[in-house]
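As structure tokens, the structure follows; a few thoughts come after it.
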Amino acid sequence: MNIYLDIDGVLRGTASPVEDVVDLLEFILTNYPDSTFWLTTHCRQGYNHTRAALLDSDLPKELVERASSMIQPSDFSVLKTEGIDFTKPFLWLDDNLFESEQKVLESHGCLINHFYMNPRDPEMAKRALALLKSLKEENANIY
Ligand SMILES: [Mg+2]
């Protein structure tokens, strides 16, 4: 499964405690080391400013460096959905979904693959981690 990860409102600028965001990011890096991609305005049209964005957060520096070296860039110009590989199963963690992006997801039958990260919900990072863990278990049972 590919993971697409936003930064603002998801890894920083969220009401979730930083410990929970760390747990979420650690789980992603451990379980999806080769299939996690940035899908954020900090990484588009050929430039990647994700490391600088993350260094400007409360996340531990060591984790920022590890995430920066492991998570791969995606590319889009207008809609984030341009950066998604629809031929593979994926989960997209983002705090915002434009109507136009929603339409693209719907056209692929993939609306359910977008997980809304409410930045004002202090339980958000915990909830996302619980979802990822349940998906992992489901896959373990299938394969
Ligand atoms: Mg965002």
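Separation of atoms OG1 (T41) and CD1 (I7) is listed at 8.0 Å; rounding is to 0.5 Å. Interatomic distance, CG of D20 versus CG of L129, reported as 8.5 Å (0.5 Å rounding). The CD1 atom of I3 sits 9.0 Å away from the CG atom of N31 when rounded to the nearest 0.5 Å. Summarising the geometry, atom CE belonging to M70 is positioned 5.0 Å from atom CG belonging to L29; distances are rounded to the nearest 0.5 Å. For the atom pair CG of L24 and CG of L11, the computed distance is 7.0 Å after rounding to the nearest 0.5 Å. With rounding to the nearest 0.5 Å, the separation of CZ in F90 from CE in M1 is 10.5 Å.
The shortest heavy-atom contact between D94 and K80 is OD2-NZ, 2.7 Å. Residues F76 and C43 come closest through the heavy atom pair CE2-O, 3.7 Å. Closest non-hydrogen pair, S16 versus E123, comes out as OG-C, 4.4 Å. Contact record, G13 with P119: O-CB, 3.8 Å, taken as the closest heavy-atom pair. Nearest heavy-atom pair across D34 and Q72 is O-NE2, 2.9 Å. Residues N2 and K88 approach most closely at ND2-CD, 3.8 Å, considering heavy atoms.
For the pair L111 and L97, the minimum side-chain heavy-atom distance is below 4.5 Å. Side-chain atoms of L63 and L25, non-hydrogen and from C-beta on, do get closer than 4.5 Å to each other. Side chains of V10 and V21 form no contact here, defined as non-hydrogen atoms less than 4.5 Å apart. Proximity of L132 to L91: side-chain heavy atoms (C-beta onward) are separated by under 4.5 Å at one or more points. When side chains are defined from C-beta on, W92 counts as touching L105, because their heavy atoms get closer than 4.5 Å. Annotation: side chain of F98 is in contact with side chain of N96 (closest heavy-atom distance under 4.5 Å). Annotation: side chain of Y4 is not in contact with side chain of L93 (no heavy-atom distance under 4.5 Å). Residues T14 and M117 form no side-chain contact, since every pair of their non-hydrogen atoms from C-beta on lies 4.5 Å or further apart.
Within 6.0 Å of the CG atom in D85, the count of heavy atoms belonging to other residues, nucleotides or ligands exceeds 12.
Cation-pi geometry between K136 and F27 is not satisfied (NZ or CZ under 6.0 Å from the ring centre, within 45° of the ring normal).
The existence of a salt bridge linking R12 and D56 is confirmed by a sub-4.0 Å separation between a basic side-chain nitrogen and an acidic carboxylate oxygen. Using a cut-off of 4.0 Å between Lys/Arg side-chain N and Asp/Glu carboxylate O, D75 and R44 are scored as not salt-bridged. E62 and R66 are joined by a salt bridge, as a carboxylate oxygen and a charged side-chain nitrogen come within less than 4.0 angstrom of each other.
At least one donor-acceptor pair under 3.5 Å links the side chain of E82 to the backbone N or O of V78. In this structure, the side chain of T36 does not engage the main chain of P33 through any donor-acceptor pair within 3.5 Å.
Listed by first and then second residue, the salt bridge (charged side-chain N to carboxylate O under 4.0 Å, His left out) pairs involving residues 100-112 are E99-K103 (not counting sequence neighbours).
At a threshold of 4.5 Å between side-chain heavy atoms, the hydrophobic network of Ile, Leu, Val, Met, Phe, Trp and Tyr places L39 and L135 in two separate groups. F37 is not connected to V64 by any chain of hydrophobic side-chain contacts under 4.5 Å among Ile, Leu, Val, Met, Phe, Trp and Tyr, and they are in different clusters.
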Inset, instruction - Please test W38 against T50 for side chain to side chain donor-acceptor pair (under 3.5 Å), starting from the C-alpha separation and ending with a verdict. - result: CA-CA 8 Å; W38 294 123; T50 53; 3.2 Å; yes
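In terms of the side chain to side chain donor-acceptor pair (under 3.5 Å) criterion, D95 has no residue partners (sequence neighbours excluded).
Centroid-to-centroid, the aromatic rings of H114 and Y116 stay 6.0 Å apart or farther.
Results of the side chain to side chain contact (heavy atoms under 4.5 Å, CB included) test with T40 over L5, D6, N48 single out D6 as the only residue that passes.
Between D8 and H42, the side chains place a donor N or O and an acceptor N or O closer than 3.5 Å (distance only, hydrogens not considered).
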